[in-house]
Amino acid sequence: MIYLDHAATTPVPREVADAMYEALTGNFCNPSSQYAAGSDAKKQAEACRATVAKALGCDAKQVFFTSCGTEGDNWAIRAAIWQNRRLGRHIVTTTVEHKAILNCCKQLEEEGYEVTYVAPDTNGDLTAEMILDAVREDTALVSVMMVNNELGNIYPIAEIAKGLQKKNPKTLLHTDAVQGFLKVPFSAKTLGADFITISGHKVGAPKGVGAQYIGPRVRNPRPLLPGGGQENGLRSGTEATAQIVGFAKAVELRCDHLEDKLRHMADLKAYAIEQLTAIPDLIVAGKGTAPHVLSVSLVGWPSANIVTDLSSQGICISAGSACHQGKTSHVVSALKLPKKAAGGVIRISFGPETTKEEIDQLAAAIRKHHDTRLPML
Ligand code: PLP
């Protein structure tokens, strides 16, 4: 299999699976248990927290394990609007967020909140000014993703944070950094966001684990899951110790020579652009600069057919994002491309393991699709 869909999920390295196996079969105890094996499990989870915190650039006590990026996004939004419930019921976000944000905002609109959705320009870019212009006195929360999952555009979170300090210092800032963590270097300490959401399975960890950074401006954050008081009372539920161990191991592996890995992905992306744009009717869609995501369009050829054709040859790519099954995605729509171009958008995403040979095979398969299938759009 040629796997070029690392923005959807990533392969789990052997070392991660081994560490999880050990956690499942070795000390499987509940970290809340009073006996020694329970405290050992707790110590191990705390060591994992320290590993993730180091990669995020913050203190371990600011990191809370969750089950996924979706949970973190929902938690951050709910916690922020709870803290600012007396400030107002206005939220600023963008039209190109992940559905985890957009559908949570939709729910909040049903609950009486007003949400301003800022649209990017036709390159998929957003400036801090575009976001700050939408902020009002009653804005409880600004939520802007760090890297767009379909286009790879990087958004100016640090600049938004600085601008918010001037425009409305009480407004809290959340960033969905699910596609930014270990792809676009940042440090939680200096970024200025109050909440940073990350997900393990985008960086070599298993599915089912994520983490939330909560900064010092958040007072008594409201738990999304009240219960037995795990995660310092903020995220109840018995710790998923094996997932947490896998997450920390994956982070440790990724952080080893991270710069080399990011350079490798950026080089591959440049190589892929070179190879793919040599195919007639193929254009780069969106101008994302994140090293791991490339969005292109085979203008006139439906993306779903390309994905299926490539899949039959063992090549995995996605039509826009993996999350919207066949419909033109809300992100691609934001680019306002002509219909034939919008219908042909595919996303190719790379990992540290991706090779040039795989890109060559991808390019050959797309060229063949172009040459042998009639355009239908
Ligand atoms: N946010 C972004 C930008 C994503 O790309 C994804 C997953 O694709 C999510 C949130 C959801 O993360 P999870 O799959 O861990 O719930």
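Read the numbers this way: they start at 1 and go in the same order the structure lists the ligands and their atoms. In this chain, residues are counted from 1 in sequence order.
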Interatomic spacing from CG in Asn149 to CD in Gln179 - rounded to 0.5 Å: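 It comes to 5.5 Å.
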
N/O separation below 3.5 Å, Val147 to ligand 1: no

Part of Ala100 with heavy atoms under 4.0 Å of ligand 1, whether side chain, backbone, both or neither: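 Neither part.
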
Under-4.0 Å heavy-atom contact with ligand 1, by part of Glu97 that carries it: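 Glu97 to ligand 1: no contact under 4.0 Å from either part.
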
Check whether any side-chain heavy atom of [X] lies under 4.5 Å from a side-chain heavy atom of [Y], and answer yes or no.
{"X": "Lys249", "Y": "Met20", "result": "no"}
{"X": "Glu97", "Y": "Thr94", "result": "yes"}
{"X": "His370", "Y": "Leu282", "result": "no"}

Ligand 1 contacted by Lys202 (non-hydrogen, < 4.0 Å):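 Yes.
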
What are the atoms of ligand 1, with element, lying closer than 4.0 Å to any heavy atom of [X]?
{"X": "Asp73", "value": "1 (N), 10 (C)"}
{"X": "Met145", "value": "3 (C)"}
{"X": "Thr70", "value": "11 (C), 12 (O), 13 (P), 16 (O)"}

Selection from Val293, Val209, Asn74, Asp176 by shortest heavy-atom distance to atom 2 (C) of ligand 1: Asp176

Pairs flagged by salt bridge (Lys or Arg N to Asp or Glu O under 4.0 Å) wherever residues 289-315 is involved - sequence neighbours left out: Asp309-Arg373

Under 3.5 Å donor-acceptor, Asn84 side chain and Lys170 backbone: yes

